[in-house]
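Report on one structure; see the data block that follows.
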Amino acid sequence: MAQQIKIDPVTRIEGHAKITIQLDEGGNVANARFHVTEFRGFERFCEGRPFSEMPGITPRICGICPVSHLLASAKACDQILAVDIPPAAENLRRMMNLGQIVQSHALSFFHLSAPDFLIGWETPPERRNVFGLIAAHPELARGGIRLRQFGQEVIEHLGGRKIHPAWAVPGGVRHGLSEAGREAIRAKIPEAKAVALKGIECFKEVLKTHERELQVFGNFPSLFMGLIAPDGTWEHYDGRLRFMDGGGNTIADHVDPQRYDQFIGEAVEETSYLKSPYYRPLGYPGGIYRVGPLARLNICRQMGTPLADVELTNFKSMGWGAVTSSFLYHYARLIEILASIERIERMIDSPELASKQLRADAGINRREAVGASEAPRGTLFHHYQVDANGLIQRVNLIIATGQNNLAMNRTVTQIARHFIQGPEIPEAMLNRVEAGIRAFDPCLSCSTHAAGQMALDVTLIDAEGRVLDRVAR
Amino acid sequence: MPVKTLTIDGKPVSAVEGQTVLEAAQDAGISIPTLCHLDGVSDVGACRLCLVEVAGVSRLLPACVTKVTEEMEVRTESERLKRYRRMILELLFAERNHVCAVCVSNGRCELQNLAVAQGMDHVRFAYRFPPYEVDITHRMFGMDHNRCVLCSRCVRVCWFIEGAATKNVAGRGADARIITDLSQPWGESETCTSCGKCVQACPTGAKFHKGSTVAEMERDRSRLEYIVTAREKKQWIV
Ligand code: SF4
Ligand code: FES
């Protein structure tokens, strides 16, 4: 049966990524800014709700990584109850987060980014998308789609739904993994692993011909932050915060996420709805740091699983001290996919997953709590204050894309410097800017534009503030 | 007991004198949408969802509080009734803040089920977005005024089954609200016996077990029925 899939970019025009490029007196790029104009009001309308509803409400922030909000929120609620959740519940939550990392990273790499470097930058956007990828590299494209499916199925078998599972609750989870679910996940692990390895192999080939991207796609020293296990192993659900500088030196370690605000400040800029977090001791904007796959791999000593550890060694050899090119977010993402699959494999036979003891019960024992976990895009913080009965009084959310905001500006500036040599915006720059932003996999509706072309609105401004050129597409 | 014969949707039905049209219809296996009606407690005709057409009467009558009469001709389905039922539901949704996706009763809510059954796919009226608060001062239960439809089922079970008379309705019209005792926090009530009947009775997510998360609020109405049957018929069965 013939099927027509039509994707009309115009319907997604709301998600325009607005970029302003500022020139100096000499006509050179001084800086560039990536404005996020999407609405941010969630923190306000959670006020007055019972805290127990938060794991149900906050996943609605995002349809791409609802699980991350679900888990960070449930963890904050555990803190309000002041309980240690049953070990089985923690392992089940971990497994769901691993599923989430696989599905989100697979979407980012195979569906959104791979068309750029596998089909070619100069290919017209009609063909530079996931459908073009299916035509040019059918096996890889199909593998990517199946890999994402695998991640989604892990979430579904645990939570009962692919998106927005209201499964993690204050004190634990609602139910364990069924025998059928366990079987279904186990059966798909070998294929998922094979696709992940294939993706890695393919990206290593890409690297050989992308020397320039490695250099100009946001290659700069910055701090890196993420959660880390006590022994320095890669962590995604719990653990403590580690900050590392661009030379690979740990500058703050074993920071309890409950004290995040002593280390992270938040700057609000007029031009963007995103808050720009920075590392407090270095001030704003000097305390620029990156989160997400690149940061997590930089700060960890080992992945903790054999295949991923081999890749980690190779990854680490690409930088001195720390790997600083944002283009390598892609590689880090693939390694995390592999590590997640290996970890799921290691857990899948544990009888604990079917445990009935899954939920700790308690009253309101703390009035303020922070829940932190690693979302695919980086560390996510949910900070709640409640009254004596448990009604939310104040909410602060620090999301990954916000934390990468400064780094994304730097990346766009770097790309603009490379491509802008006069009062005009060259066409070739647009694709690169788009890809540069995509390397961070920001969770904005524009970044998930599957039609192959991000809706961009770029303005070039001279030193006097006059608009020299403007390109919207 | 004198018997009345009438027709409902053209079907001949016999009912005992004093029965309501709703009871007669239910006995005959004809379903009429209801919201404020709850088996076991008296009816008040608050929601108007059970409206039916009666031959010879130009206005619509609520089936739950209209008594059967001889040779009455009742119609429970018509375009006009459909229009009214949809409008009533839309007004209920517009009146307070019903956000099904994150509600404790999602998937188990009588209001939501009615909206689905009546084909209500959108609301044509402007939402009022009133700033109502949540009362979770009680040790076991919570009350979210945002989700209350003022059916008064909780009030009636509290007065007529439990006999505590803790719950009440205060205010008028759209400003009416369910109160505890003399409008004080539920947790400070001196009359509440914490029996939980009001929570079992509530059709929406307005009353809930404290700590419930999305779609987790299961109610067991058979417990109310059990008590009523035991008391009225001296039969300890449901
Ligand atoms: S709280 Fe529930 S039972 Fe009571 S009036 Fe409101 S909707 Fe009806
Ligand atoms: S059920 Fe009859 S008016 Fe509500």
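Chain letters run A, B, ... following the sequence lines, proteins first and then strands; every chain starts at 1.
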Can you say whether [X] sits under 4.5 Å from chain A via the side chain, the backbone, both, or neither, judging by heavy atoms?
X: B:Y132; answer: neither
X: B:D135; answer: neither
X: B:V99; answer: neither
X: B:D144; answer: side chain

I want to check a possible cation-pi pair here: A:K75 against A:Y237, using under 6.0 Å from ring centre and within 45° of the ring axis as the test.
yes
Of all the heavy-atom pairs spanning B:V149 and B:P203, show the shortest one and how long it is.
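Shortest heavy-atom separation between B:V149 and B:P203 comes out as CG2-CG, 4.4 Å.
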Throw together a table of side-chain donor-acceptor distances under 3.5 angstrom for residues 166-175 of chain B, partners on residues two or more places apart or in other chains.
from   : atom 1 : to     : atom 2 : distance (Å)
B:T166 : OG1    : B:T191 : OG1    : 2.9
B:T166 : OG1    : B:C192 : N      : 3.3
B:K167 : NZ     : B:T180 : OG1    : 2.9

Item to complete: For A:E352, enumerate each residue passing the side-chain hydrogen bond (donor to acceptor under 3.5 Å, both in side chains) test, keeping only those at least two apart in sequence or located in another chain.
Response: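 A:E352 satisfies side-chain hydrogen bond (donor to acceptor under 3.5 Å, both in side chains) with A:N91 once adjacent residues are dropped.
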